[in-house]
Visitor: 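This is the structure I have questions about; it appears just below.
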Amino acid sequence: MKKLMSALLITIMAIALAACGNGDKAKQSEDKPKTEEKSKDQQEQAKQMEEMQKKMDKQKVDKDKVVAVVNDEELKGEDYNNILTSSQMQLQQMGQDPTTKEASKQIKKQTIDSLVGQTLLVQQADKKGYKASEEEIDKQLDQVKKQYKDEKEFEKAMKEAGFSMKELRTQVAENIKYTNYVEKEIKVDEVTEDEMKKFYDQFASQQGKDQKAPKFEEVKPQIKQQLEQQKKQEKLVQHVEDLKKNAKVDVKI
C-alpha cells in the first residue's frame, strides 16, 4: 500500500521544523557568547527526549515485515511505522507517555486498525474508479512546497526523508483519491441548532468559577465544524467496519 499523505507530511514536515529549529539555534549561538553552555536543565531535558525516542523506536517493526494482508494486498512495516509515529505524536501532544505498557498496547491496536482501515478505503476507491488529476496533484504539491524557503530546501528535505519526486507524486495521488472518496461517499446529517446548543451548554457548564464562557453566537462556527468532523469520523469508522465484513483481513503482528 502506498503511504497516505498524512504519514508522509509528518515525515517531511518534521524535517522542515527541524531545519527551522537548527537555523534558530545557529542564530542564537551567534548572538550569544561562545562560552555560554547549555544549562543543566536543558541537558537533562535533551537526555530525556533522547531516551524517549529510543523507547518509541523499539515499538517499530522491520520495514519489510508483512504486518497484515488485506484482500491479498500485503501491508509492510514501513507503512505501519509511519502511522505508528503519528499515533505516538498524538499521545505526546495529549501529555501522555506512549511507551508505557498500556499505551504501547493501545498504540499497536490503533495503528494496525488505522492501516487496515485506510487500505480498505483506498481499495474501495479504486473499485469505484476514483482518480487524481494532474491538476489536483500539482495543487497539493504546491501546498507542501510552501512550507519551505525555496525549491532547493524542499528537494533537500525530500532527499532526507527518502522520497523521490515520482514517489511523492504517487503518494499525493493516493491521498487525493482517498480524500475524494471519503468526501463523496461518506455522507452525514447536517448539524442541527439543538446539537450545537447542547454542546455549548455542556462546554459552558464545565467552566470554572473564575472563567466565563464566550457567547454561543461567538463560538457557533467552531462548534459546528467540530460536530461535523465528529459525525464524519463516526460514519467513517462504521463504513470501515462494514467493509471489513466482506473483506479478508489477516493481521500478522
Visitor: Output side-chain donor-acceptor pairs under 3.5 Å for residues 246-253, partner residues at least two apart or in another chain, one line each.
Guide:
residue, atom, partner, partner atom, Å
Asp250, OD2, Lys252, NZ, 2.9

Visitor: Only counting residues at least two apart or in another chain, list the ones meeting side-chain contact (heavy atoms from CB on, under 4.5 Å) with Asn180.
Guide: Tyr130, Glu136, Ile176, Glu183
Visitor: Would you mind listing the cluster partners of Val69? Hydrophobic ones only (ILVMFWY), side-chain contacts under 4.5 Å, chaining allowed.
Guide: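 Val69 clusters with Val66.
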Visitor: Got a sec, which residues hit side chain to side chain donor-acceptor pair (under 3.5 Å) with Ser205, two or more places apart in sequence or on another chain?
Guide: none
Visitor: Can you tell whether the side chains of Lys145 and Asp142 come within less than 4.0 Å, N to carboxylate O?
Guide: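 Looking at Lys145 and Asp142, the cut-off is not met.
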Visitor: Would a single hydrophobic cluster contain both Met165 and Tyr148, if residues Ile, Leu, Val, Met, Phe, Trp and Tyr are joined by side-chain heavy-atom contacts under 4.5 Å?
Guide: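 Tyr148 clusters together with Met165.
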Visitor: Looking at residues at least two apart in the chain, or sitting in another chain, which of them share a side-chain contact (heavy atoms from CB on, under 4.5 Å) with Glu135?
Guide: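 With neighbours one apart ignored, the set is Ser133.
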Visitor: Using the test side chain to side chain donor-acceptor pair (under 3.5 Å), find all partners of Asp126 that sit at least two apart in sequence or belong to another chain.
Guide: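 With sequence neighbours excluded, Asp126 shows a side chain to side chain donor-acceptor pair (under 3.5 Å) to Lys177, given in chain and number order.
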Visitor: Which residue pairs pass the ring pair (Phe, Tyr, Trp, His ring centres under 6.0 Å) test with at least one member in residues 52-90, sequence neighbours excluded?
Guide: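 For residues 52-90: none.
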Visitor: Can you tell me how far NZ of Lys127 sits from CG of Leu243, rounded to the nearest 0.5 angstrom?
Guide: 8.0 Å
Visitor: Indicate yes or no: at least one non-hydrogen side-chain atom of Lys215 is less than 4.5 angstrom from one of Lys220.
Guide: no
Visitor: Can you pull out every salt bridge (Lys or Arg N to Asp or Glu O under 4.0 Å) where at least one residue sits in residues 114-125? Sequence neighbours excluded, please.
Guide: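 Sorted result for residues 114-125: empty, none.
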Visitor: Return all side-chain donor-acceptor pairs below 3.5 angstrom for residues 46-57, not counting sequence neighbours, or 'none' if the list is empty.
Guide:
residue, atom, partner, partner atom, Å
Gln53, NE2, Asp57, OD1, 3.0

Visitor: Scan for ring pair (Phe, Tyr, Trp, His ring centres under 6.0 Å) pairs involving residues 204-253, sequence neighbours excluded, and state none if there are none.
Guide: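 Sorted result for residues 204-253: Tyr181-His239, Tyr200-Phe216.
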Visitor: Taking salt bridge (Lys or Arg N to Asp or Glu O under 4.0 Å) as the cut-off, I'd like each qualifying pair that reaches into residues 224-236, sequence neighbours left out, listed once.
Guide: Glu195-Lys231
Visitor: Could you pull out all residues at least two apart from Glu155 that satisfy side-chain contact (heavy atoms from CB on, under 4.5 Å)?
Guide: Glu151
Visitor: Using a 3.5 Å distance criterion without hydrogens, assess whether the side chain of Thr119 forms a donor-acceptor pair with backbone atoms of Leu115.
Guide: yes
Visitor: Between OG1 of Thr99 and CD1 of Ile107, what distance do you get to the nearest 0.5 Å?
Guide: 8.5 Å
